[in-house]
Amino acid sequence: MSGKRALVTGSVAGLGHAIAASLAAAGADVVLHGLEPEDVARAAAERLARDTGARVLLSRADLNDVAQIEAMMARAESELGGVDILVNNAVVRHFAPVDRLRTEQWNEAMAVNLSAAFHAVRLSLPGMRARGWGRIVNMSSVYGAGATADRIAYITTKTALVGMTRAIAVETARTGVTCNALMPGTVPTPPIVARMARIAAERGISAEQAAADYLAARQPTGRFVAMESVAAMVLLLCSPAGADITGAMLPIDGGWTAT
(Lines give C-alpha, C1' and ligand atoms only; values in the text may rest on other atoms or scores of the structure.)
Protein backbone atom coordinates (compact mmCIF):
# COMPACT_ATOMS: atom_id res chain seq x y z
CA MET A 1 0.00 0.00 0.00
CA SER A 2 3.02 2.30 -0.05
CA GLY A 3 2.17 5.52 -1.85
CA LYS A 4 -1.59 4.93 -1.65
CA ARG A 5 -4.01 7.27 0.12
CA ALA A 6 -7.04 5.84 1.91
CA LEU A 7 -10.18 7.40 3.32
CA VAL A 8 -12.25 5.28 5.70
CA THR A 9 -15.45 6.88 6.96
CA GLY A 10 -16.48 6.09 10.51
CA SER A 11 -12.95 5.07 11.44
CA VAL A 12 -12.08 6.65 14.77
CA ALA A 13 -13.16 3.44 16.51
CA GLY A 14 -14.62 -0.01 15.86
CA LEU A 15 -14.56 -1.79 12.52
CA GLY A 16 -13.60 1.31 10.54
CA HIS A 17 -10.59 1.87 12.76
CA ALA A 18 -9.47 -1.74 12.31
CA ILE A 19 -9.64 -1.26 8.53
CA ALA A 20 -7.81 2.08 8.64
CA ALA A 21 -5.13 0.62 10.93
CA SER A 22 -4.55 -2.31 8.57
CA LEU A 23 -4.18 -0.01 5.58
CA ALA A 24 -1.82 2.29 7.48
CA ALA A 25 0.25 -0.67 8.70
CA ALA A 26 0.54 -1.81 5.07
CA GLY A 27 1.98 1.59 4.09
CA ALA A 28 -1.00 3.72 3.08
CA ASP A 29 -1.60 7.25 4.29
CA VAL A 30 -5.03 7.52 5.86
CA VAL A 31 -7.86 9.95 6.45
CA LEU A 32 -9.43 8.96 9.74
CA HIS A 33 -13.02 10.13 10.09
CA GLY A 34 -15.58 10.24 12.86
CA LEU A 35 -17.75 12.39 15.10
CA GLU A 36 -16.48 11.07 18.43
CA PRO A 37 -15.45 13.77 20.93
CA GLU A 38 -12.55 15.75 19.52
CA ASP A 39 -10.03 14.65 22.16
CA VAL A 40 -10.88 10.98 21.54
CA ALA A 41 -10.64 11.39 17.76
CA ARG A 42 -7.34 13.27 17.90
CA ALA A 43 -5.83 10.72 20.25
CA ALA A 44 -6.83 7.92 17.86
CA ALA A 45 -5.27 9.72 14.89
CA GLU A 46 -2.05 10.50 16.76
CA ARG A 47 -1.77 6.92 18.01
CA LEU A 48 -2.27 5.50 14.52
CA ALA A 49 0.37 7.81 13.04
CA ARG A 50 2.82 6.96 15.83
CA ASP A 51 2.25 3.20 15.58
CA THR A 52 2.45 2.92 11.79
CA GLY A 53 4.51 5.87 10.58
CA ALA A 54 1.71 6.78 8.17
CA ARG A 55 0.48 10.27 7.50
CA VAL A 56 -2.90 10.45 9.21
CA LEU A 57 -5.40 13.23 8.68
CA LEU A 58 -8.43 13.58 10.91
CA SER A 59 -11.82 14.63 9.57
CA ARG A 60 -14.85 15.31 11.72
CA ALA A 61 -17.17 15.95 8.77
CA ASP A 62 -20.88 15.53 9.44
CA LEU A 63 -22.02 13.15 6.71
CA ASN A 64 -25.52 14.61 6.89
CA ASP A 65 -24.08 17.71 5.23
CA VAL A 66 -22.94 17.47 1.60
CA ALA A 67 -20.85 20.63 1.96
CA GLN A 68 -18.87 19.00 4.77
CA ILE A 69 -18.34 15.87 2.70
CA GLU A 70 -17.05 18.01 -0.15
CA ALA A 71 -14.71 19.85 2.23
CA MET A 72 -13.38 16.53 3.57
CA MET A 73 -12.66 15.26 0.07
CA ALA A 74 -11.05 18.56 -0.97
CA ARG A 75 -8.77 18.42 2.06
CA ALA A 76 -7.73 14.87 1.21
CA GLU A 77 -6.88 16.10 -2.27
CA SER A 78 -4.91 19.14 -1.13
CA GLU A 79 -3.03 17.55 1.80
CA LEU A 80 -2.54 13.96 0.66
CA GLY A 81 -2.85 14.26 -3.12
CA GLY A 82 -6.14 12.47 -3.49
CA VAL A 83 -7.94 9.29 -2.46
CA ASP A 84 -6.92 5.96 -4.01
CA ILE A 85 -8.82 3.72 -1.57
CA LEU A 86 -12.29 4.67 -0.37
CA VAL A 87 -14.03 2.59 2.29
CA ASN A 88 -17.60 3.74 2.93
CA ASN A 89 -18.05 2.39 6.44
CA ALA A 90 -19.86 5.07 8.46
CA VAL A 91 -23.30 4.03 9.66
CA VAL A 92 -26.14 5.01 11.94
CA ARG A 93 -28.65 2.51 13.31
CA HIS A 94 -32.18 3.16 14.50
CA PHE A 95 -34.34 0.39 15.92
CA ALA A 96 -38.10 0.85 15.50
CA PRO A 97 -41.05 -0.64 13.63
CA VAL A 98 -41.85 0.98 10.28
CA ASP A 99 -44.74 3.01 11.62
CA ARG A 100 -42.79 4.26 14.64
CA LEU A 101 -39.54 5.30 13.00
CA ARG A 102 -39.30 9.07 13.12
CA THR A 103 -38.87 10.98 9.87
CA GLU A 104 -35.63 12.54 11.07
CA GLN A 105 -34.23 9.08 11.84
CA TRP A 106 -35.10 7.83 8.35
CA ASN A 107 -33.53 10.92 6.77
CA GLU A 108 -30.37 10.59 8.84
CA ALA A 109 -29.95 6.94 7.84
CA MET A 110 -30.41 7.79 4.16
CA ALA A 111 -27.86 10.60 4.40
CA VAL A 112 -25.13 8.87 6.42
CA ASN A 113 -25.47 5.25 5.31
CA LEU A 114 -26.21 5.82 1.63
CA SER A 115 -25.96 9.34 0.22
CA ALA A 116 -22.60 10.02 1.87
CA ALA A 117 -21.19 6.96 0.12
CA PHE A 118 -22.46 8.25 -3.22
CA HIS A 119 -20.92 11.68 -2.69
CA ALA A 120 -17.57 10.25 -1.57
CA VAL A 121 -17.45 8.08 -4.69
CA ARG A 122 -18.57 10.97 -6.90
CA LEU A 123 -15.76 13.14 -5.61
CA SER A 124 -12.95 10.56 -5.50
CA LEU A 125 -13.63 8.76 -8.77
CA PRO A 126 -12.23 11.39 -11.18
CA GLY A 127 -8.81 11.16 -9.52
CA MET A 128 -8.92 7.37 -9.50
CA ARG A 129 -9.77 7.33 -13.19
CA ALA A 130 -6.96 9.77 -13.98
CA ARG A 131 -4.42 7.63 -12.11
CA GLY A 132 -5.78 4.39 -13.62
CA TRP A 133 -6.15 2.76 -10.19
CA GLY A 134 -8.67 2.86 -7.40
CA ARG A 135 -10.43 0.70 -4.86
CA ILE A 136 -13.93 1.41 -3.57
CA VAL A 137 -15.32 -0.75 -0.78
CA ASN A 138 -18.89 -0.22 0.35
CA MET A 139 -19.65 -1.68 3.75
CA SER A 140 -23.02 -3.39 3.38
CA SER A 141 -24.16 -6.10 5.80
CA VAL A 142 -25.76 -9.51 5.96
CA TYR A 143 -28.91 -7.38 6.10
CA GLY A 144 -28.15 -6.32 2.55
CA ALA A 145 -29.29 -9.83 1.61
CA GLY A 146 -32.05 -10.41 4.15
CA ALA A 147 -34.21 -8.73 6.72
CA THR A 148 -35.39 -8.71 10.30
CA ALA A 149 -37.94 -6.66 12.22
CA ASP A 150 -37.47 -3.12 13.51
CA ARG A 151 -34.55 -2.12 11.27
CA ILE A 152 -36.25 -0.65 8.20
CA ALA A 153 -33.78 2.20 7.62
CA TYR A 154 -30.67 0.10 8.20
CA ILE A 155 -31.86 -2.74 5.95
CA THR A 156 -32.98 -0.36 3.20
CA THR A 157 -29.67 1.49 3.10
CA LYS A 158 -27.52 -1.62 3.30
CA THR A 159 -29.50 -3.19 0.45
CA ALA A 160 -29.21 -0.02 -1.61
CA LEU A 161 -25.43 -0.06 -1.16
CA VAL A 162 -25.41 -3.40 -2.98
CA GLY A 163 -27.13 -1.84 -5.99
CA MET A 164 -24.79 1.16 -5.87
CA THR A 165 -21.81 -1.18 -5.84
CA ARG A 166 -22.98 -3.03 -8.94
CA ALA A 167 -23.64 0.21 -10.83
CA ILE A 168 -20.22 1.66 -10.00
CA ALA A 169 -18.45 -1.60 -10.84
CA VAL A 170 -20.02 -1.70 -14.31
CA GLU A 171 -19.16 1.93 -15.01
CA THR A 172 -15.53 1.53 -13.92
CA ALA A 173 -14.82 -1.96 -15.26
CA ARG A 174 -12.16 -0.81 -17.75
CA THR A 175 -10.59 1.98 -15.75
CA GLY A 176 -8.40 0.18 -13.21
CA VAL A 177 -10.95 0.96 -10.51
CA THR A 178 -12.84 -1.77 -8.68
CA CYS A 179 -15.91 -1.49 -6.49
CA ASN A 180 -17.08 -4.20 -4.13
CA ALA A 181 -19.40 -4.59 -1.15
CA LEU A 182 -18.50 -6.41 2.03
CA MET A 183 -21.34 -7.98 3.99
CA PRO A 184 -20.17 -8.65 7.54
CA GLY A 185 -22.16 -10.54 10.11
CA THR A 186 -22.06 -9.56 13.77
CA VAL A 187 -18.79 -7.82 14.60
CA PRO A 188 -17.88 -6.84 18.19
CA THR A 189 -18.02 -3.10 17.58
CA PRO A 190 -18.66 -0.77 20.53
CA PRO A 191 -22.44 -0.49 19.77
CA ILE A 192 -22.79 -4.29 19.59
CA VAL A 193 -20.84 -4.80 22.81
CA ALA A 194 -23.05 -2.20 24.50
CA ARG A 195 -26.14 -3.96 23.18
CA MET A 196 -24.95 -7.29 24.61
CA ALA A 197 -24.47 -5.59 27.97
CA ARG A 198 -28.04 -4.24 27.88
CA ILE A 199 -29.45 -7.65 26.98
CA ALA A 200 -27.45 -9.24 29.78
CA ALA A 201 -28.73 -6.69 32.29
CA GLU A 202 -32.34 -7.14 31.16
CA ARG A 203 -32.14 -10.94 31.40
CA GLY A 204 -29.95 -11.16 34.48
CA ILE A 205 -27.23 -13.15 32.74
CA SER A 206 -23.56 -12.56 31.93
CA ALA A 207 -22.52 -10.56 28.89
CA GLU A 208 -20.76 -13.68 27.60
CA GLN A 209 -23.97 -15.70 27.80
CA ALA A 210 -25.96 -12.91 26.16
CA ALA A 211 -23.48 -12.82 23.27
CA ALA A 212 -23.51 -16.62 22.93
CA ASP A 213 -27.31 -16.69 22.79
CA TYR A 214 -27.41 -13.82 20.29
CA LEU A 215 -24.85 -15.40 17.98
CA ALA A 216 -26.33 -18.90 18.19
CA ALA A 217 -29.44 -17.64 16.42
CA ARG A 218 -27.41 -16.04 13.62
CA GLN A 219 -23.89 -17.27 12.91
CA PRO A 220 -23.27 -21.02 12.68
CA THR A 221 -19.72 -20.49 13.95
CA GLY A 222 -21.20 -19.25 17.23
CA ARG A 223 -18.64 -16.47 17.51
CA PHE A 224 -18.26 -12.86 16.50
CA VAL A 225 -16.76 -12.05 13.11
CA ALA A 226 -13.29 -10.66 13.88
CA MET A 227 -12.75 -7.08 12.81
CA GLU A 228 -9.30 -8.16 11.63
CA SER A 229 -10.93 -10.61 9.20
CA VAL A 230 -12.94 -7.83 7.57
CA ALA A 231 -9.87 -5.59 7.42
CA ALA A 232 -7.90 -8.42 5.79
CA MET A 233 -10.52 -8.68 3.05
CA VAL A 234 -10.14 -4.96 2.35
CA LEU A 235 -6.38 -5.46 2.04
CA LEU A 236 -6.94 -8.37 -0.35
CA LEU A 237 -9.19 -6.25 -2.55
CA CYS A 238 -6.51 -3.54 -2.61
CA SER A 239 -3.73 -6.00 -3.49
CA PRO A 240 -2.82 -7.23 -6.99
CA ALA A 241 -4.91 -10.33 -6.22
CA GLY A 242 -7.99 -8.10 -6.08
CA ALA A 243 -7.61 -6.59 -9.55
CA ASP A 244 -10.24 -8.88 -11.10
CA ILE A 245 -12.72 -8.74 -8.22
CA THR A 246 -15.31 -6.07 -8.91
CA GLY A 247 -19.05 -5.85 -8.46
CA ALA A 248 -18.85 -8.61 -5.84
CA MET A 249 -20.93 -9.00 -2.70
CA LEU A 250 -18.60 -10.69 -0.25
CA PRO A 251 -20.10 -12.12 2.96
CA ILE A 252 -17.86 -12.34 6.02
CA ASP A 253 -20.50 -13.70 8.33
CA GLY A 254 -19.56 -16.96 9.98
CA GLY A 255 -21.96 -18.86 7.71
CA TRP A 256 -25.00 -16.67 8.45
CA THR A 257 -26.17 -16.24 4.85
CA ALA A 258 -25.50 -19.91 4.12
CA THR A 259 -28.37 -20.80 6.44
Side-chain angles (χ1 to χ4, degrees), residues 8-19 32-38 40-41 59-69 72 87-121 137-165 181-203 207 210-211 213-215 217-219 224-225 227 230 249 251-254 256-257:
V8 184
T9 62
S11 54
V12 166
L15 178 58
H17 190 76
I19 293 169
L32 213 61
H33 164 266
L35 290 179
E36 285 81 356
E38 187 166 359
V40 173
S59 171
R60 302 187 73 249
D62 183 348
L63 301 185
N64 282 288
D65 185 343
V66 176
Q68 292 192 44
I69 297 171
M72 174 177 68
V87 182
N88 287 308
N89 171 74
V91 65
V92 296
R93 296 175 177 86
H94 298 297
F95 299 94
V98 175
D99 54 343
R100 296 183 187 175
L101 187 74
R102 299 196 306 274
T103 299
E104 60 268 26
Q105 292 176 319
W106 173 264
N107 289 343
E108 181 187 35
M110 292 300 122
V112 174
N113 300 1
L114 184 60
S115 293
F118 162 75
H119 290 298
V121 172
V137 180
N138 292 322
M139 201 61 62
S140 181
S141 162
V142 290
Y143 289 121
T148 191
D150 300 339
R151 298 191 190 188
I152 180 68
Y154 183 80
I155 290 166
T156 300
T157 54
K158 291 303 185 180
T159 303
L161 278 175
V162 170
M164 181 187 294
T165 297
L182 300 189
M183 306 176 78
T186 303
V187 179
T189 58
I192 290 293
V193 172
R195 189 175 183 201
M196 295 303 101
R198 288 195 301 272
I199 292 172
E202 290 167 1
R203 295 175 53 193
D213 293 347
Y214 185 87
L215 293 168
R218 292 165 173 79
Q219 292 172 188
F224 285 115
V225 171
M227 289 188 277
V230 182
M249 315 302 137
I252 311 171
D253 63 2
W256 186 335
T257 51

- prompt: Going through the checks in order, is the side chain to side chain contact (heavy atoms under 4.5 Å, CB included) test met by T157 and M110?
  reply: CA-CA 6 Å; T157 54; M110 292 300 122; 3.3 Å; yes
query: What heavy-atom pair brings A90 and L63 nearest, and what distance separates the two atoms?
result: CB-CD1, 3.5 Å
- prompt: V230 and M139: side chain to side chain contact (heavy atoms under 4.5 Å, CB included), yes or no, with the steps?
  reply: CA-CA 10 Å; V230 182; M139 201 61 62; 4.3 Å; yes
- prompt: At what distance, to the nearest 0.5 angstrom, does CE of M183 lie from OG of S141?
  reply: 7.0 Å
task: May I have the step-by-step check of side chain to side chain contact (heavy atoms under 4.5 Å, CB included) for V121 and N88, ending in yes or no?
output: CA-CA 9 Å; V121 172; N88 287 308; 3.8 Å; yes
K158/V142 under side chain to side chain contact (heavy atoms under 4.5 Å, CB included): CA gap, chis, key distance, verdict: CA-CA 9 Å; K158 291 303 185 180; V142 290; over 6 Å; no
- prompt: How many angstroms lie between OG1 in T9 and CD1 in I69, if you round to the nearest 0.5 Å?
  reply: 9.0 Å
statement: Correct closest heavy-atom pair for W256 and G185 would be CE3-CA, 4.0 Å
task: Would you please name every residue forming a salt bridge (charged side-chain N to carboxylate O under 4.0 Å, His left out) with E104, sequence neighbours left out?
output: R102
message: I need the minimum non-hydrogen distance between G14 and M227, along with the two atoms involved.
response: C-SD, 3.4 Å
- request: Side-chain contact test, heavy atoms from C-beta onward, threshold under 4.5 Å: evaluate it for V12 versus R60 and give yes or no.
  value: no
statement: With sequence neighbours left out, the residues meeting side chain to side chain donor-acceptor pair (under 3.5 Å) with S140 are none
- prompt: For the residue pair I252 and V225, what are the closest heavy atoms and their distance?
  reply: O-CG2, 3.4 Å
- request: To the nearest 0.5 angstrom, please state how far the OG1 atom of T103 sits from the CD atom of E108.
  value: 13.0 Å
message: Tell me whether the NZ or CZ atom of R195 lies within the 45° cone about the ring axis of Y214 and under 6.0 Å from its centre.
response: no
task: Supply the atom-to-atom distance D150 CG to F95 CZ, rounded to the nearest 0.5 angstrom.
output: 9.0 Å
statement: Rounding to 0.5 Å, atoms OH (Y154) and CG (N113) come to a distance of 8.0 Å
message: Main chain of Q219, side chain of D253: is a donor-acceptor contact present, judged purely on distance under 3.5 Å?
response: no
query: Does the side chain of H33 reach to within under 4.5 Å of the side chain of N89, using non-hydrogen atoms?
result: no
statement: Nearest heavy-atom approach of T257 to P251 is OG1-CB, 3.9 Å
- request: To the nearest 0.5 Å, tell me how far T159 OG1 sits from L114 CG.
  value: 10.5 Å
message: Could you report the tightest heavy-atom contact between N138 and T165, atom names first, then the distance?
response: ND2-OG1, 2.9 Å
